[in-house]
Amino acid sequence: MIAGLDYWRELPIKQQPNWPDKDAVARASATISTLPPLVFAGEVDVLRDRLAAAASGHAFLLQGGDCAETFAGATADQIRDRVRTLLQMAVVLTYGASMPVVKMGRMAGQFAKPRSSDDETRDGVTLPAYRGDIVNGYDFTPESRTANPERLVQGYHTAASTLNLVRAFTQGGFADLREVHRWNQGFAANPANARYEKLAKDIDRAIRFMESAGADFDSLRGVEFYTGHEGLLMDYERPMTRIDSRTGTPYNTSSHFIWIGERTREIDGAHVDFLSRVRNPIGVKLGPTTSVDDMLRLVDKLDPNREPGRLTFITRMGAGKIRDALPPLLEAIKASDATPLWVTDPMHGNGFSTPNGYKTRRFDDVVDEVKGFFEAHRQVGTFPGGIHVELTGDDVTECLGGAEHIDEADLATRYESLCDPRLNHKQSLELAFLVAEELAARNA
Ligand SMILES: O=C[C@H](O)[C@H](O)COP(=O)(O)O
Ligand SMILES: C=C(OP(=O)(O)O)C(=O)O
Ligand SMILES: [Mn+2]
């Protein structure tokens, strides 16, 4: 019988790679366990407080980033552009919500992917599915698709250098509110985005008012920025979990926030057990088949002490289902003593493949799911506390629609995601303006 942090080893586990060399995996995990933590437990505690504020209706959470971060994509420019996109969205949302926005990247560790199928067949050749850069390579060759434990250590170092730059950008002046606002003005000045001009002008007036009233903009040059990823790959998550010297309790130091995916949230499974034992705030994805009973059991297991900020439910129902599937869950929580933060992921319930073979999503479906999320919360009287999106700062063509009307033929122009389709820079900002309108309407 193994106790505590290793009890998951006795439980059924899903979505782990088929590592050919188990000893090499053990060596890589042992190496990772000697490397410094990526985040400090004290930061994780502050995030728990911030999420508690969002759960009680006093803040709003923005989570965004790649579906699958890649090692090659951890460049200065790509990291900068993703951070910039999130900061731009956050300014718009802060104005719409009239409350603080908690900013979090799906960054610096979002390297492992659950897949629908263990393998992939192309032209009669079958190889293991791509499971993210921390496991195997995307190239369709036997060498590249074989799970390689050296990638675990490379994942750690790539996360470390990404986080280092994220910290520099968000503390070093790049996040200056006036600068971020200027970028947004550029977006709203584009005739394609005329619909958002009024909101952009309102924000402009608010900033000029702050300036005239003597607001200390220099003190606003740095922003709190948190990281989060799916806690999927146990050979990485376990050795990154350390005992905090201040409190003697375990923290997963690979990121501030960890979520459990829709495919690994079974109540008696390894992931739920392991993450029930760490102090980080934990998210759980809830898809359209989630029963009230499943959800309440997750609350009891992951948040037995009903600790504010501990548990976030990230719903990913699909635009056509959210209006039916979400209200019963909200009602059941409202009738209980639990106070999770509710976040919408309007991406993962809306995917489909085009005839020419691209995985995509319609921007209109994404927007419709967000609207359904706000409607469901309005109906039940609960707080719609955040949004979780797959996005990039680049001008990719992966999702259909938006003000630029990306159509199926355009997908081939610049499709770069190795897993799910992301909103591009402009689609992300457009979504932020639309969510800001929803938030402002709630406040009206
Ligand atoms: O990001 C989420 C999942 O990893 C992804 O949707 C699975 O995609 P698949 O159905 O192509 O395996
Ligand atoms: C795998 C993901 O989502 P889900 O667990 O909701 O399918 C994801 O967020 O990339
Ligand atoms: Mn995804």
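Order of appearance sets the numbers: ligands from 1, and atoms from 1 within every ligand. Side-chain atoms are counted along with the backbone in the values below, which use heavy atoms only and exclude waters and symmetry mates.
- A cation-pi contact links R145 to Y138, judged by a cut-off of 6.0 Å to the six-membered ring centre and 45° from its axis.
- Counting only non-hydrogen atoms, the option in K113, R316, R263, E230 that gets closest to atom 10 (O) of ligand 2 is K113.
- At least one donor-acceptor pair closer than 3.5 Å links the side chain of T397 to the backbone N or O of D410.
- Proximity to E390 (heavy-atom distance under 4.0 Å) selects the following atoms of ligand 2: 8 (C), 9 (O), 10 (O).
- Protein heavy atom in closest approach to atom 2 (C) of ligand 2: H348 NE2, 3.4 Å.
- Around the CD atom of E150, the shell of radius 6.0 Å holds no more than 12 heavy atoms that belong to other residues, nucleotides or ligands.
- At a 4.0 Å heavy-atom cut-off, ligand 2 does not touch A68 at all.
- For R323 and D368, the salt-bridge test passes: some basic side-chain N is under 4.0 Å from an acidic carboxylate O.
- Shortest contact from atom 8 (O) of ligand 1 to any protein heavy atom: K359 NZ, 2.9 Å.
- Applying the 4.0 Å criterion to heavy atoms of R106 picks out, from ligand 2, the atoms 8 (C), 9 (O), 10 (O).
- With no hydrogens or angles considered, a side-chain donor-acceptor pair links H388 and Q63 at under 3.5 Å.
- Salt-bridge formation is detected for the pair E438/R378: a Lys NZ or Arg NE/NH1/NH2 atom is positioned less than 4.0 Å from an Asp or Glu carboxylate oxygen.
- Taking the side chain as every heavy atom from C-beta outward, R115 and Y130 approach each other to under 4.5 Å.
- For atom 4 (O) of ligand 1, the closest non-hydrogen atom of the protein is P114 O, 2.6 Å.
- The shortest separation from a heavy atom of M347 to ligand 2 is not under 4.0 Å, leaving the residue out of contact.
- Nearest to atom 10 (O) of ligand 1 among the protein's heavy atoms is S116 OG, 2.2 Å.
- Side chains of N356 and T354: a donor on one and an acceptor on the other come within 3.5 Å.
- Of all the atoms in ligand 1, the ones that sit under 4.0 Å from a non-hydrogen atom of C67 are 1 (O).
- Taking every heavy atom of G261 and a limit of under 4.0 angstrom, the matching atoms of ligand 2 come to 5 (O).
- Residue-level proximity to ligand 1 for K113 is carried by the side chain, the only part with a heavy atom below 4.0 angstrom.
- N252 and S254 share a donor-acceptor pair across their side chains, judged by distance under 3.5 Å alone.
- Counting heavy atoms closer than 4.0 Å to ligand 2, residue E262 contributes atoms from both its backbone and its side chain.
- Atoms of ligand 2 found under 4.0 Å from any heavy atom of K285, numbered from 1 in the order shown, are 2 (C), 3 (O), 4 (P), 5 (O), 6 (O), 8 (C), 9 (O).
- When heavy-atom distances to ligand 1 are checked against a 4.0 Å cut-off, A68 has no atom that comes that close, whether in backbone or side chain.
- Side-chain contact, E369 with H348: no donor N or O sits under 3.5 Å from an acceptor N or O.
- Using modelled atom types and a 3.5 Å distance limit, the side chains of Q16 and R131 yield no donor-acceptor pair.
- Distances under 2.8 Å from the Mn ion (ligand 3) pick out the protein N/O/S atoms C67 SG, H348 NE2, E390 OE2, D420 OD2.
- The protein atom (non-hydrogen) at minimum distance from atom 1 (O) of ligand 1 is D420 OD2, 2.7 Å.
- Summarising the local packing, NZ of K359 is surrounded by more than 12 heavy atoms from other residues, nucleotides or ligands at distances under 6.0 Å.
- Between atom 7 (C) of ligand 1 and the options Q15, E230, R263, the minimum heavy-atom separation is to R263.
- A salt bridge is defined here as a Lys NZ or Arg NE, NH1 or NH2 lying under 4.0 Å from an Asp or Glu carboxylate O, and R277 with D273 meets this definition.
- Y196 and N184 share no side-chain donor-acceptor pair at under 3.5 Å.
- Below 3.5 Å of separation, one finds no N or O of S117 facing any N or O of ligand 1.
- Below 3.5 Å of separation, one finds no N or O of Q110 facing any N or O of ligand 2.
- Against a heavy-atom cut-off of under 4.0 Å, H348 is close to the following atoms of ligand 1: 1 (O), 2 (C).
- In this structure, a donor-acceptor pair under 3.5 Å is present between the side chains of T290 and R265.
- Listed by chain and number, the residues in a side chain to side chain contact (heavy atoms under 4.5 Å, CB included) with D123 amount to none (sequence neighbours excluded).
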